[in-house]
Each structure stands twice: as C-alpha cells, then as structure tokens.
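These notes concern the structure reproduced below.
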2 protein chains.
Amino acid sequence: MTEAQGTAHRSGEALLYLTDEQLRQGIEAMFFAYRGFTADPDRILEGMSYGRAHHRALHFIQCAPGTTVNNLLIILGVTKQSLNRVLRTLIEDGLVESHVGRSDKRERHLTLTEAGQALERELSDAQRMRMRDAYRKAGPEAVAGFKTVLEAMMDDDMRAAYLALRDGR
Amino acid sequence: MTEAQGTAHRSGEALLYLTDEQLRQGIEAMFFAYRGFTADPDRILEGMSYGRAHHRALHFIQCAPGTTVNNLLIILGVTKQSLNRVLRTLIEDGLVESHVGRSDKRERHLTLTEAGQALERELSDAQRMRMRDAYRKAGPEAVAGFKTVLEAMMDDDMRAAYLALRDGR
DNA sequence: CTTGGAATGTCAACAAGACTGACATAAATT
DNA sequence: AATTTATGTCAGTCTTGTTGACATTCCAAG
C-alpha cells in the first residue's frame with residue numbers, strides 16, 4: 001500500500017492509474033464483472049443437473065478435441081478426482097466420449113458428442129453474446145487494453161496455457 | 001455464433017474484434033486472469049480457517065464501514081444464511097464488530113476491528129500488488145480500456161453497485 | 001525378462017461454501 | 001393491532017473442491 005502511493009506520488013499525475021484507489025476500483029470491477037461473465041451460462045445450467053464445472057470442461061474439450069484428462073486438469077487447475085466426477089456424469093449422459101489412447105493406453109482422449117456440442121454451443125453463445133455487447137459498447141481500443149491487462153494478471157503457467165490455446169487455433 | 005461472424009463480415013476489418021474467435025479469446029482470458037486475481041489472497045487464507053468468502057466480506061466492510069448486513073448481502077450476491085455463517089466466525093474471532101443501529105435498531109452495522117483491518121490489509125496488499133504489476137506492464141491506456149470493458153460486462157444492478165461504491169469514496 | 005517406479009485414471013469419503021425452507025425475534029410501518 | 005422489514009438460526013441439500021487408496025499401463029534399470 002505504501003509503495004503504490006509512493007510510486008504514484010513520485011511521478012505525479014503520469015502514474016495516477018497506479019494509486020491504491022485506482023487499484024481498488026480495478027479489483028472491484030473484476031469481482032462484479034466476473035459475476036456478469038458467468039451469469040448467463042449459470043442460468044442455463046441451473047435446472048439441468050450441471051454447474052459451472054461442467055461448462056468449463058465442455059468449453060475446453062470443445063476447443064481442443066481429443067485432449068487427455070491430464071491436459072484438461074492442468075488447464076482447469078483442479079485435481080483429477082474433481083474433474084473425474086464432472087467427466088463421469090458428462091460421459092454417462094452422452095455429452096462426452098472417452099477413448100483409450102492408441103499409443104499410450106493409460107490416456108483417455110476426450111471429445112464432445114453431437115449432444116455435447118449442442119450444449120456447449122448454447123452456453124458459449126450466451127456467454128459470447130454478453131461479451132460481444134460489452135466489446136461493442138467499449139470499442140476496439142478498449143478491448144485491446146482489456147486483453148493486455150488480463151494477460152498481465154495471469155500466473156506465468158496460466159499465461160502459457162492461454163497463449164498456447166490461442167495460437168493453436 | 002453465426003450472427004457475430006455476420007456482423008464482423010458485414011463491416012469488414014473495422015469489427016474484427018467482434019469475431020467468435022476474438023470473443024472466445026476474451027472468455028478464456030477472463031477465466032485465466034480471474035484465477036490469478038484470486039490466487040494470492042487464497043494462498044494467504046489457506047491454513048487459516050478462512051476462505052474467499054471471508055475475504056470478500058472483509059473487503060466490502062472495509063470499504064464501507066458501518067454498512068448493514070442487508071447491504072452487504074446485496075453487494076456480495078449471496079443469501080443471508082451464507083453470509084451469516086461467514087460473519088459469525090469473523091465476529092467470534094474478533095475481526096468484525098456488529099453494532100445495533102441507533103436509528104433503526106433492527107439493523108446491524110458492521111465494522112472491522114484492528115485485527116480485521118490488519119488481515120484485510122494483508123489480503124488487499126497481495127491482491128493490489130498483482131494488480132499494480134499488471135497495470136504497470138500494460139500502461140494507462142490499456143488500464144482505461146480494461147475498466148471500460150469490465151464495466152460494460154456487468155449486470156445493470158451490479159454496475160450500479162460498483163459505481164455507487166466508486167463515487168462514494 | 002522381470003521388477004519397480006512413474007504416469008494416468010477411478011472410486012470413496014470428506015469439507016467449504018453456496019442454496020432453500022422454516023421459523024423466531026425485534027423494530028418499524030400502516 | 002396487524003403487517004412488513006431486517007436479522008439471525010437450524011436443518012438439509014447440492015456443487016465442487018480436497019485427500020487417500022487403489023488399479024492399470026508404460027518404461028527403464030537391473
């Protein structure tokens with residue numbers, strides 16, 4: 001806290017955006033915005049026996065079909081046991097298929113079925129619609145800044161995962 | 001999905017930032033960045049018998065001392081039962097004080113004790129440090145864009161709460 | 001080849017933190 | 001006096017995270 005104010009004061013107005021008050025605003029903006037970010041998919045999923053964890057699994061399987069359980073749990077940042085419960089229900093319900101790896105039979109490769117793709121698309125559409133409205137209101141320069149700050153906020157390994165996904169498409 | 005591409009194509013390069021792929025990147029950026037955003041306070045809290053819910057309560061009591069339980073649960077977007085469990089432990093442990101309202105004796109006004117302020121500051125410092133590093137890396141224009149997009153992403157009532165907090169200081 | 005360790009995934013049990021519903025109390029409002 | 005509002009509490013459930021124990025498969029060192 002003292003350091004931030006010191007830094008800001010040292011350089012005057014030029015670093016006004018680094019004051020504690022500005023940082024606090026940013027923290028609260030993240031908190032409230034993330035609620036909006038998850039609100040639409042959450043609404044769709046309530047009533048089905050699924051939750052946010054299922055949405056995340058569907059999302060990342062969709063964007064890297066054939067990925068392994070291990071890959072997925074690194075991306076999602078949860079334990080394999082936690083992921084497994086989610087995957088089991090998705091597989092039982094015919095939304096995800098699990099195939100034993102051909103070269104390494106310990107691995108399970110995950111893909112979405114037709115039904116899985118349909119649900120993923122429904123969730124994704126809702127989330128993208130909110131994102132698109134926000135982007136449109138804010139304009140392209142704001143969007144560029146938005147991504148720059150988010151990327152800088154990630155842990156190093158998460159940034160690596162993010163960039164790998166981004167560039168892999 | 002088709003609509004977004006349609007929109008982008010209709011106007012050409014000018015709306016490139018509204019393609020599905022761009023939106024998808026934004027979604028993943030939010031996901032990974034939020035993990036970073038909460039990582040430091042989570043690390044501090046693990047081992048204490050507190051969690052993210054306690055952090056949020058401390059944060060918003062700190063930034064609006066004397067706020068009521070009802071205010072707080074609207075801001076936090078949880079039920080009173082859920083908030084009450086958290087507040088009870090914080091009060092028992094002497095981090096939060098609850099005072100009966102002088103004008104309306106049904107209300108309980110919440111404030112942080114010395115110890116509560118100390119913990120809030122520790123958590124806040126960690127979170128602000130990450131925020132400050134991200135802001136510094138990204139620069140002031142990016143930060144402005146970041147806030148613009150986040151604000152546009154909130155639900156209307158959350159944006160109202162955010163702006164009220166912001167302007168109330 | 002065999003054996004032991006590493007990697008991968010599954011099952012079971014538990015904890016945190018959200019939820020709902022029902023109910024109690026006290027104070028304010030009509 | 002009756003109703004509404006603000007708060008607190010108890011009990012039970014659900015999602016989603018955790019650890020621990022275990023089975024299977026692969027690979028490498030003896």
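Any value given below was found using the heavy atoms of this structure, including those in side chains, with hydrogens, waters and symmetry copies removed. Every value quoted in this text rests on a predicted model; they were computed, and no experiment measured them. In what follows, chains are A, B, ... by sequence order, proteins preceding strands, each numbered from 1.
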**Report entry** Sequence-distant partners of A:Phe31, ring-ring contact (aromatic ring centres under 6.0 Å, His included), two or more places apart
**Finding:** B:Phe60
**Report entry** Heavy-atom contact window of chain B on DNA chain C, given 5' to 3' at under 4.0 Å
**Finding:** C:dG17 to C:dA28
Query - side chain to side chain contact (heavy atoms under 4.5 Å, CB included) evaluation trace for A:Lys80 with A:Asn70 - result: CA-CA 7 Å; A:Lys80 59 184 176 174; A:Asn70 211 23; over 6 Å; no
Query raised in the report: In terms of side-chain heavy atoms, does A:His59 have a donor or acceptor partner in A:Ser124 at a distance below 3.5 Å?
Result: no
Report task. Take the C1' atoms of the five end pairs on each side of the helix from C:dC1-D:dG30 to C:dT30-D:dA1, get both axes, and report the angle to 10 degrees. Result -> 10°
Report summary line: Across all chains, not counting sequence neighbours, the side chain to side chain contact (heavy atoms under 4.5 Å, CB included) partners of B:Asn71 are B:Thr67, B:Thr68
Requested in this report: Tell me, with the steps shown, if B:Met129 and B:Arg132 meet side chain to side chain contact (heavy atoms under 4.5 Å, CB included).
Outcome: CA-CA 5 Å; B:Met129 188 168 312; B:Arg132 189 168 54 242; 4.1 Å; yes
Query - Neighbours of DNA chain D within residues 69-87 of chain B, by heavy-atom distance under 4.0 Å - result: B:Val69, B:Asn70, B:Lys80, B:Gln81, B:Asn84
Query raised in the report: Do the side chains of A:Pro65 and A:Leu112 get nearer than 4.5 Å, heavy atoms only?
Result: no
Query raised in the report: Looking only at side-chain N and O atoms, does B:Arg88 come under 4.0 Å of OP1 or OP2 in D:dT9?
Result: yes
Query raised in the report: To the nearest Å, how far apart are A:Met48 CE and D:dT15 C1'?
Result: 16 Å
Query raised in the report: Quick one: are B:Leu87 and B:Ile61 in side-chain contact, heavy atoms under 4.5 Å?
Result: yes
Report task. Could you identify which residues of residues 90-107 of chain A place a heavy atom less than 4.0 Å from some atom of DNA chain C, listed by residue number, or say none? Result -> A:Arg106, A:Glu107
Query raised in the report: Relative to the ring of A:Tyr34, is the ring of A:Phe37 parallel (under 30°), tilted (30 to 60°) or perpendicular (over 60°)?
Result: tilted
**Report entry** Residues, nucleotides or ligands: over 12 heavy atoms within 6.0 Å of A:Glu92 CD
**Finding:** yes
Query raised in the report: B:Asp40 and salt bridge (charged side-chain N to carboxylate O under 4.0 Å, His left out): which partner among B:Arg128, B:Arg52, B:Arg130?
Result: B:Arg130
Requested in this report: Mind checking B:His109 for me? I need base, sugar-phosphate or nothing, with any heavy atom below 4.0 Å counting as a touch.
Outcome: nothing
Report task. Under the side chain to side chain contact (heavy atoms under 4.5 Å, CB included) rule, what do A:Asp93 and A:Leu90 come out as? Steps first, then yes or no, please. Result -> CA-CA 5 Å; A:Asp93 296 350; A:Leu90 290 173; 5.9 Å; no
**Report entry** B:Lys105 atom NZ, neighbour heavy-atom count above 12 within 6.0 Å
**Finding:** no
**Report entry** Separation of atom CD in A:Glu46 from atom P in D:dC14, rounded to whole Å
**Finding:** 15 Å
Report task. Would you please test B:Glu120 and B:Arg56 for salt bridge (charged side-chain N to carboxylate O under 4.0 Å, His left out) and show each step? Result -> CA-CA 9 Å; B:Glu120 195 283 329; B:Arg56 290 197 284 252; over 6 Å; no
